[in-house]
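This report concerns only the one structure given below.
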Amino acid sequence: MKIRKMRLDRGWSQETLAELTGLSVRTVQRIERGGNASLETLSALASVFEVDITTLAKETSMYTQHELPEAERNALEYARDIKGFYSHLAVYAVSVAGMAAANYLMTPEHIWFLWSAIGWGLGVATHGLAAFEVISVFGPRWEKRKVDERLRNDEG
């Protein structure tokens, strides 16, 4: 969306934009996903981005993600996938460290946390390969096939 693009162009996180505008992070997220914005919200955003409120209002109501150029839509999706992978990796690292500490403190004679770390680690590795597009099991052709199937089922 236009708001998201302007935010990313400035290198701001959603939290930073929320803080600068006085909006909640949830409001920023909703607007970036194409949700409606009140006049007060648009005014706060226009002020922070130093743009005219009428232009911003027009952009937010008409410029949905589906109207973005395909290359930009793909780039946003790629960035979202990588962000998801890094979030998954961080949760994995913290959780495995916690399990290792618990294992060491409670039952140091049995190294049980490794089984969880290996299993979950395989999942994280697979997620990384998919996010960085090394493997593409569920690529665009698969998605198109599933959408076509769903449309046929809804018609029949």
Side-chain angles (χ1 to χ4, degrees), residues 1-38 40-50 56 60 63-66 68-150 153-154:
M1 316 301 220
K2 185 69 173 175
I3 303 292
R4 178 182 174 93
K5 185 173 181 346
M6 289 190 302
R7 176 180 62 79
L8 292 173
D9 287 346
R10 286 166 176 77
W12 296 342
S13 66
Q14 289 179 332
E15 292 78 11
T16 301
L17 180 58
E19 189 176 306
L20 291 170
T21 57
L23 302 171
S24 71
V25 175
R26 285 183 59 108
T27 299
V28 171
Q29 291 169 343
R30 180 178 46 80
I31 293 167
E32 286 189 357
R33 283 193 306 267
N36 294 328
S38 69
E40 183 180 332
T41 299
L42 288 175
S43 177
L45 290 166
S47 174
V48 167
F49 288 123
E50 299 175 345
L56 193 59
T60 56
Y63 200 71
T64 64
Q65 185 168 352
H66 301 293
L68 287 172
E70 185 175 353
E72 192 169 339
R73 193 171 58 240
N74 290 341
L76 285 170
E77 186 176 322
Y78 179 73
R80 192 175 304 123
D81 290 346
I82 293 196
K83 179 181 176 183
F85 164 69
Y86 283 130
S87 296
H88 188 185
L89 182 62
V91 169
Y92 169 76
V94 169
S95 298
V96 167
M99 287 188 294
N103 187 175
Y104 177 74
L105 293 172
M106 292 183 202
T107 54
E109 64 278 359
H110 301 291
I111 304 177
W112 52 263
F113 85 95
L114 284 179
W115 294 108
S116 298
I118 291 168
W120 192 355
L122 289 173
V124 170
T126 304
H127 188 177
L129 291 172
F132 287 101
E133 298 177 349
V134 175
I135 59 170
S136 182
V137 177
F138 302 109
R141 287 189 309 208
W142 180 87
E143 287 180 13
K144 181 173 179 5
R145 205 170 51 247
K146 289 300 173 187
V147 167
D148 291 344
E149 281 178 22
R150 180 62 185 231
N153 289 341
D154 287 348

Review point. Around atom CD of Glu149, are there more than 12 heavy atoms of other residues, nucleotides or ligands at under 6.0 Å?
Key: yes
Check your understanding: Counting distance only, does the side-chain N/O of Thr21 pair as donor-acceptor with the main-chain N or O of Ala18 below 3.5 Å?
Key -> yes
**Study point:** Greater than 12 external heavy atoms within 6.0 Å of Tyr104's OH
**Key:** no
Exercise for review: Assign the ring pair His127 / His88 to parallel, tilted or perpendicular, where the plane angle (0 to 90°) is split at 30° and 60°.
Suggested key: tilted
Review point. Should Phe49 and Asp9 count as side-chain neighbours, where that means a heavy-atom distance under 4.5 Å?
Key: no
Practice item. Show your reasoning for whether side-chain contact (heavy atoms from CB on, under 4.5 Å) applies to Arg33 and Gln29. Key: CA-CA 6 Å; Arg33 283 193 306 267; Gln29 291 169 343; 3.7 Å; yes
Review point. Is it true that atom CZ of Arg10 has more than 12 heavy atoms of other residues, nucleotides or ligands lying nearer than 6.0 Å?
Key: yes
Practice item. Taking the six-membered ring for Trp and the full ring for Phe, Tyr or His, determine whether the centres of Phe132 and Phe85 are under 6.0 Å apart. Key: yes
**Study point:** Residue pair Phe113 / Ile111, side-chain heavy-atom distance below 4.5 Å
**Key:** yes
Exercise for review: Would you indicate whether the side-chain heavy atoms of Met99 and Asn103 approach each other to under 4.5 Å?
Suggested key: no
Review point. Are Met6 and Ile3 close enough that some pair of their side-chain heavy atoms sits under 4.5 Å apart?
Key: yes
Point to revise | Residue pair Leu17 / Leu45, side-chain heavy-atom distance below 4.5 Å | key: yes
Check your understanding: Between atom CG of Leu76 and atom CD of Glu32, what is the distance when rounded to the nearest 0.5 Å?
Key -> 9.5 Å
